[in-house]
Amino acid sequence: IQQVHARAGLLIEKGVAALDASVLLGGEPTLGLTAQLPFDLVRAIQDPAYLRGAPDRPLKAELAIAQLPLERLTKSGLLPPGSAGTVSLSARLNGTPARPTLAVNTAGENVTVGRLKGLAFQGEIGIADKVHATLGAQSQGDVVARLEAGASVSGAELLHLIRNRQDRS
C-alpha cells in the first residue's frame, strides 16, 4: 500500500466533542469523516456516572467518498492493475448510540475490477424504525441485478441482537 495519508482532529469545547478526519490517496482527498456529540470534559472527570449517560445523548456522523476514481486505488496498491471507473458513498449516522438511525447511499459508474467489466450500480440502505435496502446494477445498459428488501426491526433492536448474539452460543 502506497501514497495513503490520514489526518484527524478532535476538538472538545463548549460541551461538544467534534471529530474531523480525512484520507488522501496519491495526495488527493478520498474519504472524509465528521462526527459530533455532546460532551462535557470537566463533568466527565468529576462525575463517574456522566459517561453512563452517553448512549442516550445525540450523535451525528457523516462519511463521504465522492466520485473516487478506482485508478487511484490501483496506484496505491489497494486494487489490482487495470481497475477503473468511479465510486461514491455517503453515510449519515444520527440518533443516539442506543437508538441510532443510519442512511447509506452508494453508486458506481463503469466499474472494472478483475473480471468484472463496465458495471454501474446504485444502492441505498436505511435503518431507523425499520430497515430497508435497495440495490441495482447494470452492465452495458442492461439490468443485471435488482434487490429490494426490508425488515420491521429498528436500529435499537439491531444493536440489541448484535450485542446479545454471543449469549446464544
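These values consider heavy atoms only, across backbone and side chains, with no hydrogens, waters or symmetry-generated copies.
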Under 4.5 Å between side-chain heavy atoms, counting indirect links through other Ile/Leu/Val/Met/Phe/Trp/Tyr residues: same cluster for [X] and [Y] or not?
X    : Y    : answer
L37  : L11  : no
L24  : L78  : no
L89  : L135 : no
L51  : I45  : yes
I125 : L159 : no

Looking at every non-hydrogen atom in both residues, tell me the closest pair between [X] and [Y] and how far apart they are.
X    : Y    : answer
A84  : L70  : O-CD1, 3.2 Å
L93  : P100 : CD1-CB, 3.9 Å
L19  : A8   : CD1-CB, 4.5 Å
P58  : P38  : O-CD, 2.9 Å
Q122 : A137 : OE1-N, 4.3 Å
A98  : A156 : O-CB, 3.3 Å

Under the 3.5 angstrom rule, does the side chain of D47 hit a backbone N or O of R43 as a donor-acceptor pair? no
Any donor and acceptor pair, going by atom type alone, linking the side chain of S83 with main-chain N or O of P80 inside 3.5 Å? yes
Within a strict 4.5 Å, meaning less than it, do heavy atoms of the [X] and [Y] side chains meet?
X    : Y    : answer
N94  : L59  : no
L68  : L73  : yes
L119 : T112 : no
I12  : F39  : yes

Interatomic distance, [X] atom [atom1] to [Y] atom [atom2] [nearest 0.5 angstrom]:
X    : Y    : atom1 : atom2 : result
K60  : T101 : NZ    : OG1   : 11.0 Å
S88  : I65  : OG    : CD1   : 8.5 Å
S154 : I127 : OG    : CD1   : 10.0 Å
D56  : R99  : CG    : CZ    : 9.0 Å
L161 : E157 : CG    : CD    : 7.5 Å

Centre of Y50's six-membered ring, under 6.0 Å away, within 45 degrees of the axis: is that where NZ or CZ of R57 sits? yes
Of all pairs that satisfy side chain to side chain donor-acceptor pair (under 3.5 Å), the ones with a partner from residues 15-36, not counting sequence neighbours: T30-R72
Using the side-chain contact (heavy atoms from CB on, under 4.5 Å) rule, take L147 and T134 through it: C-alpha gap first, then chi angles, then the decisive distance, then the call. CA-CA 6 Å; L147 168 72; T134 304; over 6 Å; no
For a quick check under 3.5 Å, do E148 and H132 share a side-chain donor-acceptor pair by atom type? no
